[in-house]
Amino acid sequence: MRTRIVLSAVCLSLVCTGIGVVAVPPAVLAATGVSVQEDSPDKIFVQYLARRDPRSTVRIGAWQALLSSAPDAAIAQFLDTGYDYAVNLAAQRKTRNADFAKRVLATFTAEFSPEVHAAAQYAVNSRDDADRERFANGGFAAARQRDSAFRVAQGQQAQALVEADRAFVRQLAVNDPGAQVRVSASYAVRAGATDADIVDFYASGWAFGARLDLETFRQTAADNDMRWRATLTRLIVEAQAAEKAAQDASEEAKEQAKAAAVRAWQAVGKQTEPGRSSWSDAQDFTARQASTWAAIAEAARVATGPNWAAMVDPATANQSDWDGERAFAADQAKYWNAMLQQALDGEQRVAR
């Protein structure tokens with residue numbers, strides 16, 4: 001039976017207030033009885049999910065495990081079955097609409113996209129799922145068009161554009177490390193595009209594409225890692241059982257049992273390959289993203305005019321976010337390398 005996620009008041013207040021995730025201070029965790037050892041790889045991974053997974057149901061489930069009165073068991077259960085249940089729940093239409101509204105609210109600011117921001121705020125705060133449905137299916141696009149029309153009517157952003165601004169968007173369309181940013185930039189400089197499209201890109205499209213790139217990275221990394229971990233856990237249990245069987249085997253059967261145990265530990269080592277490779281690549285990708293956003297933040301700070309001003313805060317936040325992803329990728333790479341070493345140690349023990 002799959003674990004059901006109970007949305008307790010404490011978790012709702014932690015995860016669903018405003019547009020972000022509220023970090024729980026260590027003192028609060030201690031007061032709730034969290035006893036999982038500080039350097040536990042499973043706890044570190046679940047903390048990552050609780051703070052950064054783009055799906056609200058996954059964040060809630062992760063927080064509930066961390067805040068459980070028996071966190072060791074709760075974390076193990078969450079990783080075993082709760083995560084899959086939370087992912088399935090996140091795929092439901094009502095949850096997708098709610099997460100979409102929060103994503104928009106986080107990236108379309110009242111200063112530069114007041115119509116979208118107000119519509120998203122209403123959808124997030126509403127008690128009626130129908131309001132979020134309407135926002136996701138037409139409301140967002142209509143509000144975005146109103147903001148664009150207002151910017152055109154004002155004319156200030158378009159007048160402030162210089163050729164270097166247009167060239168920068170063309171460069172992003174080809175070279176930005178984020179797929180969604182490339183798509184957004186490509187649309188802004190497509191054949192037939194006008195300066196209004198480039199203004200819209202600076203005002204909101206750039207930040208929204210960047211948010212999608214970050215969330216896609218986090219969700220894909222978490223889903224892949226969970227799949228690899230599930231198989232790894234099973235293989236380790238099998239290898240430990242095979243090693244025990246080899247130890248207990250009679251002299252006549254010992255060599256055959258040892259060979260089976262060696263193969264079992266080799267299977268564990270083989271299973272670490274996608275994790276080690278993926279997180280190694282992730283370190284390079286996140287470093288490139290962090291570097292890109294550092295450069296954009298600096299460019300936005302020194303630039304003049306209303307277009308670049310819209311990117312100062314998002315660029316700074318993105319640099320910080322990707323620096324955090326880079327650090328986490330390094331930790332995960334260490335974890336998977338440690339799992340490989342565990343497999344090699346097991347193989348050597350059996351082969352003696």
Side-chain angles (χ1 to χ4, degrees), residues 54 100 103-117 119-120 140-218 284-323 325-326:
F100 174 73
R103 181 185 305 120
V104 172
L105 185 61
T107 48
F108 287 76
T109 65
E111 181 179 3
F112 297 103
S113 298
E115 290 287 334
V116 173
H117 186 84
F140 167 63
R144 200 171 187 180
Q145 183 56 42
R146 291 195 298 272
D147 278 326
S148 181
F150 180 75
R151 286 190 286 267
V152 170
Q154 276 194 319
Q156 295 175 355
Q157 283 101 324
Q159 292 173 9
L161 284 174
V162 296
E163 182 54 32
D165 297 333
R166 302 180 185 92
F168 196 88
V169 179
R170 289 194 292 270
Q171 183 268 330
L172 289 174
V174 176
N175 297 320
D176 192 89
Q180 292 299 324
V181 169
R182 292 198 302 273
V183 168
S184 184
S186 295
Y187 182 80
V189 296
R190 71 194 185 282
T194 66
D195 280 350
D197 293 301
I198 294 179
V199 167
D200 288 345
F201 174 78
Y202 277 97
S204 60
W206 197 354
F208 192 57
R211 178 62 176 259
L212 289 174
D213 282 326
L214 179 64
E215 291 193 358
T216 298
F217 171 83
R218 287 173 169 172
D284 294 336
F285 178 73
T286 54
R288 184 183 172 200
Q289 281 280 24
S291 176
T292 296
W293 283 108
I296 292 170
E298 180 59 25
R301 281 190 288 267
V302 301
T304 58
N307 293 299
W308 277 96
M311 280 307 298
V312 174
D313 290 342
T316 302
N318 277 313
Q319 179 190 353
S320 177
D321 285 337
W322 284 108
D323 276 334
E325 296 305 314
R326 177 172 52 181

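Heads up: numbering here begins at 1 and tracks the sequence.
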Heavy atoms of Ala188 and Val169 approach each other most closely as CB-CG1, 4.1 Å
Note: Asp147-Arg144 ion pair, threshold 4.0 Å (strictly below): no
For Pro314 and Ala207, work out which heavy atoms get closest and say how close. CB-CB, 4.0 Å
Hey, does the side chain of Asp321 reach the backbone of Leu214 with a donor-acceptor pair shorter than 3.5 angstrom? no
Give me the atom names and distance for the closest heavy-atom approach of Ala160 to Asn307. CB-ND2, 3.8 Å
Asp176 backbone acceptor or donor facing Arg182 side chain under 3.5 Å: yes
Nearest 0.5 Å please: distance from the CZ atom of Arg288 over to the CG atom of Asn175. 7.0 Å
Any chance you could measure Glu115, atom CD, to Phe108, atom CZ, to the nearest 0.5 Å? 13.0 Å
Can you tell me if Asp197 has over 12 outside heavy atoms packed within less than 6.0 Å of its CG? yes
Answer whether the closest heavy-atom distance between the side chains of His117 and Leu105 falls below 4.5 Å. yes
Could you tell me which non-hydrogen atom of Asp213 sits nearest to which non-hydrogen atom of Gln180, and how far apart they are? OD1-N, 2.8 Å
Rounded distance (nearest 0.5 Å) linking atom CD of Gln156 with atom CG of Leu161: 12.5 Å
Look up atom CD in Gln157 and atom CG in Asp195, then write down how far apart they are to the nearest 0.5 Å. 11.5 Å
Smallest separation among heavy atoms of Pro177 and Gln289, with atom names: CG-OE1, 3.4 Å
Met311 side chain near Phe201 side chain, heavy-atom distance below 4.5 Å: no
Measuring only between side-chain heavy atoms, which start at C-beta, is Asp323 closer than 4.5 Å to Trp293? no
Donor-acceptor pair, distance only, cut-off 3.5 Å: does the side chain of Ser291 make one with the backbone of Ala287? no
Might you point out which heavy atoms bring Val189 and Ala173 nearest each other, and give the distance in Å? CG2-CB, 4.3 Å
In sequence, state the C-alpha distance, the side-chain angles, and the governing distance for Arg166 and Glu163, and then conclude on salt bridge (charged side-chain N to carboxylate O under 4.0 Å, His left out). CA-CA 5 Å; Arg166 302 180 185 92; Glu163 182 54 32; 3.5 Å; yes
Under 3.5 Å, side chain of Tyr202 to main-chain N/O of Asp165, donor-acceptor pair present? yes
Please tell me if the side chains of Phe112 and Ser204 come closer than 4.5 Å, counting only heavy atoms from C-beta onward. no
By the ring-ring contact (aromatic ring centres under 6.0 Å, His included) test, which pairs, at least two apart or in different chains, include something from residues 163-193? Phe168-Trp206, Phe168-Trp308
How long is the span from the CZ atom in Phe217 to the CZ atom in Phe285, to the nearest 0.5 Å? 7.0 Å
